[in-house]
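Remarks on the structure that follows.
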Number of protein chains: 2
Amino acid sequence: MPIGFAPEDMMKLDGIVKNRRRIKQGDLLFSEGDPFTSLYAIRTGFFKTSVSSEDGREQVTGFQMAGEIVGLDGIVNDRHNCNAVALEDADVCIMPFSNVEELSREFPALQRHVHKIMSREIVRENTVMMLLGNMRAEERLAAFLLNLVQRLHARGFSKSEVMLRMTREEIGSYLGMKLETVSRTFSKFGDEGIIEVKQRYVRIIQPDALKKIFNPQVC
Amino acid sequence: MPIGFAPEDMMKLDGIVKNRRRIKQGDLLFSEGDPFTSLYAIRTGFFKTSVSSEDGREQVTGFQMAGEIVGLDGIVNDRHNCNAVALEDADVCIMPFSNVEELSREFPALQRHVHKIMSREIVRENTVMMLLGNMRAEERLAAFLLNLVQRLHARGFSKSEVMLRMTREEIGSYLGMKLETVSRTFSKFGDEGIIEVKQRYVRIIQPDALKKIFNPQVC
DNA sequence: CGGTAACTTTGATACAAATCAAACCTTCCC
DNA sequence: GGGAAGGTTTGATTTGTATCAAAGTTACCG
């Protein structure tokens, strides 16, 4: 995970991972109220995290892919505060948090890495708050698509084609809109020739048009 | 800040604070793009944090009071990612992050404390996402008021009376609604006898009614 | 392989909150 | 003390998205 360590240090850092776990599509990695013991580094697969209100409404709080960490929400209360569900068969490294803390004390670079991961999550959530609080449906979906392909591209996938792993309802929950509105907005982008949509398949034809929708000022 | 340390350890922990800084009402503690060097522990006063989109829209991401930490957003990119503005004259402890990291390696209890603070912020933002994504205006404002008085009460203030430090517009920005809607919702709660509102002064008359609005299922 | 369940799309209508507008209140300062 | 600025309240109207409804598509499973 972190880079820039000497080979002998890498050996020790291996101790951070206890073992691995396979999660089948649709299964929970952890859920709200579970005792917190470990962080999970996603090796392969795709997850959603969500919280639910007492009266049963679900809010998707994020979508995570290979190389990302889930479980940070559990640290504060020693219990997980959200649900993590695999949206496709997945493989995670289990990193007992006590190991993480112990090795962090020994390796400043690891310590810094852990802090950055947590800070990055805080900043990401700030961005989502901006989306939810200030943006309209089209802007939210444009931002969502751009973010998704950017992350996939960083992992070697196409920057113009995506096979979505989540339903319209899950996208809507994340973006604070109903599934019908998500579908309509996809269709609208399609009619305008900005993207091509066929169910879960999305191809971005005019990335600049999406950027312009997301950010009316610039472009 | 943290508790449960031996007196001799407390001496060393004092080293975490470099010095203090007074911020006048309306002034910035830091703003987006500033180099990140330190976390700030609020001793007295009241802050808002906000991010802004490229086209100038502001999203308030939180309100912070005595005992809370601001600046965590800066760790990931070594630059602050949000603005922190004092909503009343304030006094903060400057904690250079390098000191925090150094002492964290020495004191596992401090290390754990720092991790919990960051995790708590992640969990708080999850809750705000639920508010923004799933709740209606009345539910958002009820949740906001309950959260505010609960935090004030934990600091020894009344759990039924608040003198708001922020404008209707700032509340609205935080809750994803317009200032007129905030005002109308306050008035509605007032008409229903749930609260008494006189400009910035708010008295909660029926806390259970607020809880019921926030959470229709229970109560 | 056929049937059913899950998901998606599209249309018609309803509604909560935004917008536009104007009056009112409070504070501060010349 | 008068006036201006910033903030709040309230009213009338508009609008974006939700809701309700139904048909279409795909995937799954016996």
Side-chain angles (χ1 to χ4, degrees), chain A residues 24-27 48 57-60 85 87-89 131-145 162-192 195-203 213 216, chain B residues 24-26 46 48 57-60 85 87-89 131-145 162-192 195-203 213 216:
Chain A
K24 296 253 295 265
Q25 181 172 1
D27 284 355
K48 72 167 177 182
R57 285 177 280 189
E58 181 190 48
Q59 172 70 37
V60 170
V85 178
L87 297 183
E88 63 181 6
D89 289 358
L131 275 187
L132 293 173
N134 267 302
M135 307 264 194
R136 290 177 310 99
E138 290 181 28
E139 300 176 281
R140 296 181 202 188
L141 193 64
F144 168 77
L145 284 174
V162 198
M163 190 61 74
L164 299 174
R165 300 268 106 103
M166 69 293 277
T167 67
R168 301 290 188 258
E169 187 167 25
E170 287 162 338
I171 296 171
S173 172
Y174 183 57
L175 298 176
M177 50 208 255
K178 294 293 161 186
L179 70 94
E180 294 95 329
T181 306
V182 175
S183 178
R184 269 184 246 276
T185 309
F186 269 129
S187 298
K188 180 160 188 288
F189 288 171
D191 292 347
E192 290 167 342
I195 62 176
E196 181 194 339
V197 195
K198 190 87 190 296
Q199 302 280 129
R200 300 280 180 102
Y201 170 83
V202 176
R203 183 165 64 91
I213 289 166
Chain B
K24 296 252 295 264
Q25 182 173 359
F46 198 91
K48 71 166 178 182
R57 285 177 280 188
E58 182 191 46
Q59 172 71 37
V60 171
V85 178
L87 296 182
E88 64 181 6
D89 288 358
L131 276 186
L132 293 173
N134 268 301
M135 307 265 196
R136 290 176 311 99
E138 291 181 29
E139 300 176 281
R140 296 181 202 186
L141 194 64
F144 168 77
L145 285 174
V162 198
M163 190 62 73
L164 299 175
R165 298 270 105 103
M166 69 294 278
T167 67
R168 300 290 189 259
E169 188 168 23
E170 287 162 338
I171 296 172
S173 172
Y174 183 56
L175 298 177
M177 49 208 257
K178 293 293 159 186
L179 69 95
E180 295 95 328
T181 307
V182 174
S183 178
R184 270 184 246 276
T185 309
F186 270 130
S187 299
K188 181 160 188 286
F189 289 170
D191 293 346
E192 290 168 341
I195 62 176
E196 181 194 339
V197 195
K198 189 86 190 297
Q199 304 278 130
R200 300 279 180 102
Y201 170 83
V202 176
R203 184 165 63 90
I213 289 166

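Note that the coordinates shown come from a computational prediction; the quantities given were computed from them, not determined experimentally.
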If I take atom [atom1] in residue [X] and atom [atom2] in nucleotide [N], what distance separates them, rounded to the nearest angstrom?
X: A:Asp191; N: C:dT10; atom1: CG; atom2: C1'; result: 11 Å
X: B:Leu175; N: C:dA16; atom1: CG; atom2: P; result: 18 Å
X: B:Lys188; N: C:dA16; atom1: NZ; atom2: C1'; result: 12 Å

Separation between [atom1] of [X] and [atom2] of [Y], rounded to the nearest 0.5 Å:
X: B:Tyr174; Y: B:Leu141; atom1: OH; atom2: CG; result: 12.0 Å
X: B:Glu138; Y: B:Met177; atom1: CD; atom2: CE; result: 9.0 Å
X: B:Ile171; Y: B:Lys178; atom1: CD1; atom2: NZ; result: 14.5 Å

Under 4.0 Å, counting only non-hydrogen atoms across every strand here, what does B:Ser183 touch: a base, just sugar-phosphate, or nothing? base

Nucleotides 17-30 of chain C: protein proximity per nucleotide (B base, S sugar-phosphate only, - neither; heavy atom, under 4.0 Å): SSBB----------

Short N-O contact, A:Lys188 and A:Glu192, less than 4.0 angstrom: yes

Partner of B:Arg165 by side chain to side chain donor-acceptor pair (under 3.5 Å), out of B:Glu88, B:Gln25, B:Glu170: B:Glu88

Within a 6.0 Å radius of atom CD on B:Glu169, are there more than 12 heavy atoms belonging to other residues, nucleotides or ligands? no

Indicate the atoms forming the closest heavy-atom contact of B:Ile213 with B:Ala142, along with that distance. CG2-CB, 3.9 Å

So do the side chains of B:Arg200 and B:Thr167 get within less than 4.5 Å of each other, counting heavy atoms only? yes

With heavy atoms of chain B within less than 4.0 Å as the criterion, where does contact along DNA chain D begin and end? D:dG7 to D:dA12

